[in-house]
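Start at 1 with the first residue, then count along the sequence.
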Amino acid sequence: MTRNSKHWLVLIGAMTFSGLHAGSARASDSYPQKVQTAAGSPCPPPCTVCHLTTNGGTGTALKPFAESMIDFGGLEGEDADLVAPAVQSLRDEQIDSDGDGVSDIDELAAGRDPNVTGEGELCGPTYGCGARVEPEGPIDGYAIAAALAAVALLVGRWRSGAR
């Protein structure tokens with residue numbers, strides 16, 4: 001096997017691995033839109049309404065609103081079909097996770113964070129036609145690594161050809 005073919009084999013393997021891994025990390029990407037629709041929110045809430053960080057992930061949905069969705073709404077696992085019934089349950093029970101006197105669902109409908117007493121705006125400023133301030137989803141480190149590996153291989157190939 002030539003050196004060039006080894007480089008291409010590594011590149012294809014890295015890209016395949018990153019593509020396979022990226023799918024599993026985005027299992028609940030539909031939750032924000034489901035919450036927005038069910039609660040009548042003016043924007044999809046960011047992942048941090050439930051999760052500790054924007055990366056989300058198993059075991060990180062520890063915010064008060066997430067705990068209410070689990071405890072009172074029956075939300076479990078990565079089943080996006082359970083989001084609307086959980087929101088309805090919180091609406092029916094008038095659950096107020098932050099104890100500020102406004103129910104979680106009323107806060108979401110007003111574009112506010114149900115974890116934050118007072119305002120806690122969720123729908124940051126937009127610029128232009130429907131622009132978003134935050135990225136649509138978490139940045140996938142494996143995809144970035146694969147892209148950088150591809151660039152490094154191409155630069156290496158170009159440099160060896162220039163000699």
Side-chain angles (χ1 to χ4, degrees), residues 13-152:
M15 291 174 72
T16 302
F17 176 77
S18 71
L20 292 174
H21 183 73
S24 65
R26 298 173 181 242
S28 60
D29 273 352
S30 64
Y31 273 38
Q33 290 77 25
K34 296 273 188 177
V35 170
Q36 177 187 15
T37 300
S41 178
C43 67
C47 296
T48 54
V49 163
C50 291
H51 295 273
L52 298 176
T53 69
T54 57
N55 293 332
T58 304
T60 66
L62 300 173
K63 297 266 186 101
F65 175 68
E67 291 176 348
S68 293
M69 290 283 281
I70 294 165
D71 295 342
F72 298 102
L75 186 64
E76 57 185 46
E78 296 175 351
D79 188 353
D81 292 335
L82 297 176
V83 172
V87 167
Q88 186 60 47
S89 180
L90 267 65
R91 177 181 283 121
D92 293 344
E93 298 292 323
Q94 292 292 299
I95 301 300
D96 178 14
S97 298
D98 60 7
D100 64 357
V102 180
S103 76
D104 291 350
I105 306 310
D106 288 344
E107 288 192 87
L108 286 169
R112 295 195 310 264
D113 189 338
N115 299 299
V116 177
T117 300
E119 292 301 310
E121 296 296 322
L122 291 177
C123 304
T126 59
Y127 306 97
C129 289
R132 288 184 55 96
V133 175
E134 68 176 322
E136 281 293 323
I139 296 173
D140 187 355
Y142 290 104
I144 292 172
L148 290 174
V151 169

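Residues that satisfy the side chain to side chain contact (heavy atoms under 4.5 Å, CB included) test with T117, not counting sequence neighbours, are D98, D100. With sequence neighbours left out, E93 forms a side-chain hydrogen bond (donor to acceptor under 3.5 Å, both in side chains) with no residue at all. Take D106 and apply the side-chain hydrogen bond (donor to acceptor under 3.5 Å, both in side chains) test, not counting sequence neighbours, and it matches S103.
Each of N115, D96, D113, V116 was scored for a side-chain contact (heavy atoms from CB on, under 4.5 Å) with E107, with one residue passing: D96.
Here the NZ atom belonging to K63 is positioned 13.0 Å from the OG atom belonging to S68, to the nearest 0.5 angstrom. Of the inter-residue distances, the one linking E76 atom CD with I70 atom CD1 reads 9.0 Å to the nearest 0.5 angstrom. Distance check: L90 CG to S97 OG gives 6.0 Å after rounding to the nearest 0.5 Å. Atom CZ of R91 and atom CD1 of I105 lie 6.0 Å apart (nearest 0.5 Å). In this structure, CG in D81 is found 5.5 Å from NZ in K34, a value given to the nearest 0.5 Å. Atoms CG and OH, from L82 and Y31 in turn, are 6.5 Å apart once rounded to the nearest 0.5 Å.
The two atoms that bring M69 and V83 nearest to each other are CE-O, 4.1 Å, heavy atoms only. Closest approach of P42 to C123, counting heavy atoms only: CG-SG, 3.7 Å. The shortest heavy-atom contact between A61 and A66 is O-CB, 3.7 Å.
Between P46 and L122 the shortest side-chain heavy-atom distance falls below 4.5 Å.
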(request) Under the side-chain contact (heavy atoms from CB on, under 4.5 Å) rule, what do D104 and F72 come out as? Steps first, then yes or no, please. (result) CA-CA 12 Å; D104 291 350; F72 298 102; over 6 Å; no
Q) Does the side-chain contact (heavy atoms from CB on, under 4.5 Å) test come out yes or no for L108 and Q36, once each step is laid out? A) CA-CA 8 Å; L108 286 169; Q36 177 187 15; over 6 Å; no
